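Counting starts at 1 for both ligands and their atoms, in listed order. Numbering of residues begins at 1 and proceeds along the displayed sequence. What you are looking at is a predicted structure, and each value in this text was computed from that prediction instead of being measured.
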Amino acid sequence: MLTQAPKGTKDIFGADMPIWQKIESKMRSLCKNFGIEEIRTPIFEHTELFLRSVGDTTDIVQKEMYTFNDKGNRSITLRPESTAGVARAYIEHGMHNNAQPTKLFYIAPTFRYENTQAGRQRQFHQFGIEMFGSYSPALDAEVISAAASLIEELGIKNIELRINSLGGPECRAKYNKMLKDFIGGNIDHLCKECKERYERNPLRVLDCKEEGCKKIIEKAPSVLDCLGVECKEHFETLKSILDEMGIKYVVDPQIVRGLDYYTRTVFEFVTTSIGAQGTVCGGGRYDGLIEECGGQKTGAVGFGLGMERLILTLEAQNGKEEYKPERHIYIGSIGNTGFIKSQAITLSLRKAGIIAECDTVGRSVKAQMKYANKIGAKYSVILGDDEIANDKVSLKNMETGETEEIKVSMLEEKMKEVFNK
Ligand code: ATP
Ligand code: MG
């Protein structure tokens, strides 16, 4: 217990870290180009927020939330997704007073009590974008194009964008009725959970992953046939913009997404490279959410992308990248004066942008050189009494074995020149 992380959680470090940093930095620069600003909301929120926004007929609320009472006896929940918290922040800080749309992104640890398997953890990470303040399909296209650009830039293959429209409340009511009639005729063949879903929220049945239910759902009526004129027009314009942008998609009327708050556009990016948990990114428009949470009626679109699934996909396609931390120079030492001086020289080199290391263990000279080799230092020196007295040190190129005499005081200049700093 003491030496094992809780089930469904993972330590990310060492050889696993570079890909996270690479992807996160791509996400940040992409958002900069799109004018999307970062937001960091609390890891926990009032439970009520998720009941209201995510919806109490969803799997998340019914089965997956980490909910507890704090010492003040408030019901608190670790965020199972971030849209609710970002929407809460949008209202709380009166962001609707700013020039609209408001465009935000986050990279956030997220918590769901789930059965763990590849691509399904209890603590995982989502990169997400949320945009508020417009009902135009152009905003849907902007959000989708941000996700598509990221996926393109990362060079992910075998991934498909699927889009659908759930319409507005009126279309939804019409469809719910049609769907209920259809499911009613097949109710005996559905799984136990779907029988309940049928009563409370028939749309959820379309999201079921049981093979038996999936088979029946295939023949279900299409929500697209229930769209009113405006919703239809919204969907058509979105498709025209995506076509013009050169973003490929398929229309899939079965996509409903696992959350209650979606209206009109919903979409997913699905890959065939990582087995059953193939949905890397899911999102949609949620025009009712801000009002539901106590704000003014506000058009909004967003998505959440699972970082772990994205990384699994990348590594399934390209293999794992070689892990090679960079070290420019090792400042070894002999004797006490050299030892003390090497610490200060290392610091000034680091301040100048050179990745420098020195002995902080008290190793012999031989052991220091072995260490310098092990960490892949490109250069090394050994600083002793003579070197300090004569301001001269032998700079060794660790790859070629060549040495060069230089002034100790010139070490920084030399390294800056070699490493272009
Ligand atoms: P699924 O159908 O796979 O359970 P979901 O519909 O619950 O997914 P969303 O709530 O839309 O997923 O979350 C967006 C993305 O977050 C998913 O597409 C996925 O990449 C990722 N994700 C969701 N749950 C997990 C989890 N338990 N572990 C890792 N990633 C997850
Ligand atoms: Mg889920």
Requested in this report: Using the side-chain contact (heavy atoms from CB on, under 4.5 Å) rule, take Ile19 and Glu315 through it: C-alpha gap first, then chi angles, then the decisive distance, then the call.
Outcome: CA-CA 9 Å; Ile19 185 105; Glu315 291 185 342; 4.0 Å; yes
Query raised in the report: Considering only heavy atoms, which protein residues lie less than 4.0 Å from any atom of ligand 1?
Result: Arg112, Glu114, Gly119, Arg120, Gln121, Phe124, Gln126, Lys209, Arg257, Thr279, Val280, Cys281, Gly304, Gly306, Arg309
Show me the donor-acceptor pairs within less than 3.5 Å that the side chains of residues 122-130 make with the rest of the protein, sequence neighbours left out.
unit_1 : atom_1 : unit_2 : atom_2 : d
Arg122 : NE     : Glu114 : O      : 2.8
Arg122 : NH2    : Glu114 : O      : 3.1
His125 : ND1    : Glu308 : OE2    : 2.8
Glu130 : OE1    : Tyr286 : OH     : 2.6
Glu130 : OE2    : Thr83  : OG1    : 2.8
Glu130 : OE2    : Tyr106 : OH     : 3.4

Query raised in the report: Counting distance only, does the side-chain N/O of Glu38 pair as donor-acceptor with the main-chain N or O of Arg28 below 3.5 Å?
Result: no
Requested in this report: Step through the shown structure and confirm whether more than 12 heavy atoms of other residues, nucleotides or ligands are within 6.0 Å of CD on Glu92.
Outcome: yes
**Report entry** Under the ring-ring contact (aromatic ring centres under 6.0 Å, His included) test, residues paired with Phe182 that sit two or more places apart
**Finding:** none
Query - Residues forming a salt bridge (Lys or Arg N to Asp or Glu O under 4.0 Å) with Lys103, sequence neighbours excluded - result: Glu142
